[in-house]
Participant: 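One structure follows; several queries about it will come next.
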Amino acid sequence: MSHKTKYTLVAIILVLGVYGYEHFLKTEEKAEIVDAGKEVKTYTNEYFLPTSTTGQIVHHEGYSLSYSEPHEQAEWVAYELKKSHLTNTNFKRPYFEIDNAVKTGAASWRNYKNSGYDRGHLCPAGDRSYSQFAYDETFLTSNISPQEHAFNSGIWNTLEQKVRYWASKYDGVFVVTGGVLSGNMKTIGTEKVAVPNQFYKVLIDTNSGHVKMIAFLMPHENSNKPLYDFVVSVDSIEALTGIDFFPELEDALENKLEASSSYKDWSFK
DNA sequence: CTGCAATTC
DNA sequence: GAATTGCAG
């Protein structure tokens, strides 16, 4: 063959080689996140996981979730927020990524684009700022729900900050949070991601002597009311969602704590 | 902290 | 599409 043909072939091989290597790197990066879901969780983490009404629980390094395919979002996200997790580091926000660990296919972030709704974190990025990996992992689409911006940056944000305050004060809390996926809901995007009409957050603390619980149920709208106005019993959220929140607790204790809507054990400062 | 959007390459 | 920059609650 001619020299010209040889050079052409070499050039093509080089281009394919570089492309292939970059593709290999990207595949490796994705594999890291997927494999992270297979890691064995700590005892405490497993212990407080709620039941799944959808049959699809996914474990990530920094949180676990139960994915509802019909609603294209998690019915709950659960994680332990330790005092040591709280840092002042200010990571750059990454791009949202489809969660490949969701076998039925997690929603694309494109559903949210120009929808008028925020990509609202369920496990807040601010709760996983102890490492770049943990922070980035919260930007998976299985960890977000459509939220009105005024709500997300308003009273919901206030609640999230209060959770961090409690995690610091009580040396760690276990957090379960999600939207109430029932009733008539609007949808956004081509995949019809449901817009919850209410959001909840359930906390349990076992590190402060005696076990205590608190639950919040908020309409999907901003509010200037104090946080304690939204305290409800865990039982009432279980009735709404069908989720059993702390099935591993001793029954008598579980029944007592979950029936209570008292917040006397939790400091609102 | 919680986010979106316009701009540039 | 990726990254930077600015803006808003």
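Excluded from the calculations below are hydrogen atoms, water molecules and symmetry mates; all remaining heavy atoms, backbone and side chain alike, are included.
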Participant: Could you check Asn222(A) against Glu148(A) for side-chain contact (heavy atoms from CB on, under 4.5 Å), going step by step and ending with a plain yes or no?
Facilitator: CA-CA 8 Å; Asn222(A) 196 21; Glu148(A) 289 181 10; over 6 Å; no

Participant: Taking the minimum atom-to-atom distance to the side chain of Arg164(A), which one of dG9(C), dA3(C), dC1(B) wins?
Facilitator: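 Nearest to the side chain of Arg164(A) among the choices is dC1(B).
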
Participant: To the nearest angstrom, how far is Phe151(A) atom CZ from dA8(C) atom C1'?
Facilitator: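 Between C1' of dA8(C) and CZ of Phe151(A): 18 Å.
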
Participant: Atom CG of Leu122(A) and atom C1' of dG3(B): how far apart are they, to the nearest Å?
Facilitator: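 Nearest whole value for this atom pair: 15 Å.
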
Participant: Would you kindly give the CZ-to-P distance between Phe96(A) and dA2(C), to the nearest whole Å?
Facilitator: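 After rounding, the gap between these two atoms is 15 Å.
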
Participant: For dG3(B) and His121(A) - does any side-chain N or O of the residue sit under 4.0 Å from the phosphate oxygens OP1/OP2?
Facilitator: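 Checking His121(A) against dG3(B): at least one side-chain N or O falls below 4.0 Å of OP1 or OP2.
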
Participant: Taking any heavy-atom pair under 4.0 Å as a contact, classify Asn90(A): base, sugar-phosphate, or nothing.
Facilitator: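 If one applies the 4.0 Å heavy-atom cut-off, Asn90(A) turns out to touch the sugar-phosphate alone, with no base involved.
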
Participant: Is there a chain of hydrophobic side chains (I, L, V, M, F, W, Y, each step under 4.5 Å between heavy atoms) that links Phe91(A) to Phe133(A)?
Facilitator: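 No; Phe133(A) is not reachable from Phe91(A) via cluster members.
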
Participant: Taking CZ from Phe91(A) and P from dA3(C), how many angstroms apart are they, rounded to a whole number?
Facilitator: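 Taking atom P of dA3(C) as the reference, CZ of Phe91(A) is at 17 Å.
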
Participant: Tell me whether the guanidinium CZ or amine NZ of Lys212(A) lies under 6.0 angstrom from the six-membered ring centre of Tyr263(A) and within 45° of its axis.
Facilitator: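 No, a cation-pi geometry is absent between Lys212(A) and Tyr263(A).
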
Participant: Can you tell me how far OH of Tyr130(A) sits from CG of Leu86(A), rounded to the nearest 0.5 angstrom?
Facilitator: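 Taking CG in Leu86(A) and OH in Tyr130(A), the distance rounds to 11.0 Å.
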
Participant: Write down the distance between NZ (Lys201(A)) and P (dT2(B)), rounded to a whole number of angstrom.
Facilitator: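 Interatomic distance, NZ of Lys201(A) to P of dT2(B): 11 Å.
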
Participant: At under 4.0 Å between heavy atoms, what does Gln147(A) touch on the DNA or RNA strands: base, sugar-phosphate, or nothing?
Facilitator: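 Result for Gln147(A) = nothing.
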
Participant: At less than 4.0 Å, is any side-chain N or O atom of Asn152(A) found next to OP1 or OP2 of dC1(B)? Yes or no.
Facilitator: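 For dC1(B), neither OP1 nor OP2 has a side-chain N or O of Asn152(A) closer than 4.0 Å.
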
Participant: Looking at dG3(B), I'd like to know if its phosphate oxygens (OP1 or OP2) sit under 4.0 Å from a side-chain N or O belonging to Arg119(A).
Facilitator: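 Arg119(A) to dG3(B) OP1/OP2: no side-chain N or O under 4.0 Å.
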
Participant: Linking I/L/V/M/F/W/Y whenever any side-chain heavy atoms sit under 4.5 Å apart, do Tyr200(A) and Leu257(A) land together?
Facilitator: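 Per the 4.5 Å side-chain linkage, Tyr200(A) and Leu257(A) are co-clustered.
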
Participant: Taking OP1 and OP2 of dG3(B), is either one under 4.0 Å from a side-chain nitrogen or oxygen of Arg93(A)?
Facilitator: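 Yes, Arg93(A) has a side-chain N/O under 4.0 Å of OP1/OP2 on dG3(B).
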
Participant: Figure out the CG/P separation between Asn222(A) and dC1(B), and round it to whole Å.
Facilitator: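 The distance from CG of Asn222(A) to P of dC1(B) comes to 19 Å, rounded to the nearest Å.
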
Participant: Check this one for me: any side-chain N or O of Lys92(A) less than 4.0 Å away from OP1 or OP2 of dT4(C)?
Facilitator: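 The answer is yes; a side-chain N or O of Lys92(A) sits under 4.0 Å from OP1 or OP2.
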
Participant: So what does Gly154(A) touch, heavy atoms closer than 4.0 Å: a base, only the sugar-phosphate, or nothing?
Facilitator: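 If one applies the 4.0 Å heavy-atom cut-off, Gly154(A) turns out to touch nothing in the nucleic acid.
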
Participant: Give me the residues of residues 105-118 of chain A where at least one heavy atom lies under 4.0 Å from an atom of DNA chain B, by number, or none.
Facilitator: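 Residues of residues 105-118 of chain A that come under 4.0 Å of DNA chain B are, in numerical order, Asn114(A), Asp118(A).
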
Participant: Apart from Leu181(A) itself, what residues make up its hydrophobic cluster, given side-chain heavy atom links below 4.5 Å?
Facilitator: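 Other cluster members: Met185(A).
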
Participant: Please report, rounded to the nearest Å, how far the P atom of dG9(C) is from the CD1 atom of Ile155(A).
Facilitator: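 It is 18 Å, rounded to the nearest whole Å.
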
Participant: NE2 of His149(A) versus C1' of dA5(B): gap in Å, rounded?
Facilitator: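 Rounded to the whole Å, the gap is 12 Å.
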
Participant: Checking ring pair (Phe, Tyr, Trp, His ring centres under 6.0 Å) between His121(A) and each of Tyr135(A), Trp156(A), Phe96(A), which is the one that passes?
Facilitator: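 Between His121(A) and the candidates, ring pair (Phe, Tyr, Trp, His ring centres under 6.0 Å) is satisfied uniquely by Phe96(A).
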
